[in-house]
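The structure appears below as structure tokens.
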Amino acid sequence: MTIDRVIKKFIDNNPTSDPEILRLAYDFAAEAHRGQFRKSGEPYIIHPLYVAYLLAEMKADLATITAGILHDVPEDTERTLEDLKKEFGTEVANLVKGITKLGKIKYRGLERYRENLKKMFLAMAMDVRVIFIKFCDRLHNMRTLDYLPEEKQQRIAKETLEIYAPIAGILGIWRLKWQLEDLCFKYLYPEEYHKLEYEYEVEQKAERNDFFNTIKKNITPILKDQKIQNEIEVRFKHLYSIYQKMKSKDRRFDEIYDVFALRVIVPAIDDCYKALGIIHTLWRPKPNRFKDYIAVPKPNGYRSLHTTIFGPEGKAVEFQIRTQEMHEESLYGLAAHWYYKAKNQGGMQPHWVKEIIDIQKEISDTNELIKNIKLDIFNDRIFVFSPKGDVFELSEQSTPIDFAYAVHTNIGNQATGAIVNDRLSKLDQELKNGDLVEIITEKGRQYPNRDWLKFAKTKRARDRIRQFAKKGPLENIKRFIPGMK
Ligand code: MN
């Protein structure tokens with residue numbers, strides 16, 4: 001990575017701007033980081049340059065990219081925030097200050113975790129640009145994770161998956177969320193990752209291409225007849241989301257039909273509806289799968305028409321129809337939608353940013369604050385902590401018995417009760433996000449109670465209960481009748 005590439009990327013998106021400050025920031029940062037090296041052996045300055053490049057790619061403004069180049073200076077070098085303020089002005093210095101304040105987000109234990117979330121939300125509420133820099137910082141660190149010891153890789157990948165990726169999601173920066181998730185997936189579940197990658201990239205590629213070419217051949221002439229300018233691109237789901245789908249629905253890879261979607265990008269909103277009409281005339285739509293996110297955008301601002309149809313050979317395929325503007329918004333979220341366009345117009349903040357600021361004014365207690373921030377970042381899953389601070393991801397409405405089996409089969413089999421947030425609890429009590437759970441076990445017991453199936457939610461717990469409860473009584477008898485097989 002070089003400063004010239006960063007500048008070129010910036011100029012591509014801002015032909016009339018003067019990029020001089022980027023070169024100055026580069027000279028300053030290169031001097032400050034002189035003699036420092038990354039774990040990969042490269043000079044340290046490559047890292048901030050990369051971060052700046054990723055920001056330029058996201059169409060960040062000049063101050064944000066400048067801050068990207070300088071983001072590690074106050075913490076890792078002799079030069080201070082004051083120096084930055086003198087050289088580059090208050091706006092840039094404040095952005096760097098925001099990042100420095102966010103600090104190293106570490107992932108250990110319940111309190112720290114909540115503290116991290118709070119930090120992220122507050123920084124976001126102050127100036128969302130800080131979060132973009134932090135995200136690009138993290139993305140580059142994830143891409144260079146190979147150079148770290150394995151234990152560190154695991155920890156960083158875990159905190160990225162559980163803190164950064166969901167926040168990228170609520171900001172609507174899907175491109176970033178996908179990239180982060182796939183990188184985490186690779187490090188956290190290497191076997192599953194490589195298997196899926198092979199099926200996806202190698203085994204099914206040719207067949208998939210044929211299928212989409214057939215669809216394109218059907219639709220392109222009609223759009224042309226109707227004089228609807230269009231671009232059709234195939235969108236593949238990223239590997240981690242396929243993996244999650246397979247897990248939650250308990251399906252094989254080739255049974256997941258909406259792994260691909262076709263994106264139709266047209267000039268104007270009424271073209272979107274026209275294109276939808278054409279698609280529904282060509283193929284039968286799947287009931288209840290049509291979503292009009294143009295008339296009713298998602299809370300994070302996402303807009304598009306979605307429909308699933310039965311295409312060639314009766315195979316279901318999803319279409320996403322949108323304008324170019326909506327397309328950019330969907331890739332860059334707030335970056336395209338709110339901040340970059342409406343920065344000076346005000347009033348375009350998504351409602352939850354305001355909500356956070358308001359709640360924050362009233363509540364200083366961190367736990368209360370997090371409880372009051374009603375964001376759906378945790379959608380249908382919850383995170384539960386062990387007394388050691390390990391985090392377990394469970395489905396919503398899980399109970400201590402689900403947690404017990406998530407920790408270890410033996411803990412599940414021997415569970416008799418639980419302590420949830422320092423209170424004695426029954427095994428069927430519903431757990432909530434952020435609960436701290438300890439399982440009380442009865443050492444001598446070897447078999448689970450079949451009745452637990454009435455409230456166990458996760459597949460893992462249910463499978464284990466069935467497996468062990470079934471053979472339990474018989475195994476018991478065997479123990480008392482020597483020689484019985
Ligand atoms: Mn950094």
Side-chain angles (χ1 to χ4, degrees), residues 1-3 5-6 9-10 21-22 24-58 60-81 83-84 87-88 91-107 116 119-120 123-124 126-149 152-153 155-161 163-165 167-168 171 173 176-177 179-180 183-184 187 335:
M1 185 53 61
T2 62
I3 186 64
R5 275 187 72 192
V6 176
K9 197 53 161 188
F10 174 74
I21 192 173
L22 295 177
L24 293 176
Y26 170 71
D27 291 341
F28 186 92
E31 180 60 36
H33 287 294
R34 189 201 291 273
Q36 297 176 344
F37 294 90
R38 296 274 287 178
K39 287 272 182 324
S40 61
E42 288 175 312
Y44 195 87
I45 189 68
I46 298 295
H47 163 66
L49 273 182
Y50 220 107
V51 171
Y53 184 81
L54 292 170
L55 286 163
E57 235 181 8
M58 290 173 68
D61 66 358
L62 199 53
T64 310
I65 303 173
T66 308
I69 298 174
L70 299 165
H71 81 271
D72 278 329
V73 164
E75 196 155 17
D76 296 342
T77 78
E78 308 269 282
R79 311 306 292 266
T80 63
L81 270 171
D83 296 335
L84 293 187
E87 296 284 333
F88 302 99
E91 190 184 8
V92 170
N94 278 343
L95 286 169
V96 177
K97 189 174 159 194
I99 315 245
T100 313
K101 249 171 86 182
L102 257 178
K104 304 233 186 314
I105 289 196
K106 288 229 178 77
Y107 190 61
N116 286 334
K119 272 194 202 165
M120 286 277 237
M124 212 147 61
M126 298 306 165
D127 191 334
V128 84
R129 292 179 295 178
V130 169
I131 296 297
F132 287 125
I133 302 171
K134 189 79 193 165
F135 273 126
C136 291
D137 180 37
R138 176 51 56 124
L139 182 56
H140 185 240
N141 286 336
M142 283 298 299
R143 284 187 183 167
T144 48
L145 212 54
D146 267 345
Y147 300 99
L148 297 182
K152 245 184 161 177
Q153 290 176 356
R155 184 176 59 70
I156 292 173
K158 220 170 166 182
E159 82 190 12
T160 303
L161 191 62
I163 300 179
Y164 288 83
I167 292 178
L171 289 171
I173 322 170
L176 205 61
K177 182 177 151 80
Q179 291 182 41
L180 288 174
L183 283 162
C184 295
Y187 285 98

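Computed over heavy atoms, backbone and side chain alike; hydrogens, waters and symmetry mates excluded. Numbering of ligands and ligand atoms starts at 1, following listing order. Positions are given from 1 along the sequence.
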What protein N, O or S atoms come within a distance below 2.8 Å of the Mn ion (ligand 1), ordered by chain and number?
-> H47 NE2, H71 NE2, D72 OD2, D137 OD1

Do I156 and L148 have side-chain heavy atoms sitting under 4.5 Å apart?
-> yes

All side-chain contact (heavy atoms from CB on, under 4.5 Å) counterparts of A67, not counting sequence neighbours | V92, L95, V96, I133

Pairs of donor and acceptor atoms involving the side chains of residues 25-35, under 3.5 Å and at least two apart or interchain, shall be tabulated with distances.
from : atom 1 : to  : atom 2 : distance (Å)
E31  : OE1    : R34 : NH2    : 2.7
H33  : ND1    : Q36 : OE1    : 2.7

Any donor and acceptor pair, going by atom type alone, linking the side chain of T144 with main-chain N or O of N141 inside 3.5 Å?
-> yes

Contacts of I21 meeting side-chain contact (heavy atoms from CB on, under 4.5 Å) (sequence neighbours excluded), chain-then-number -> L62, T66, F88

Taking the side chain from E75 and the backbone from T100, do they hold a donor-acceptor pair closer than 3.5 Å?
-> no

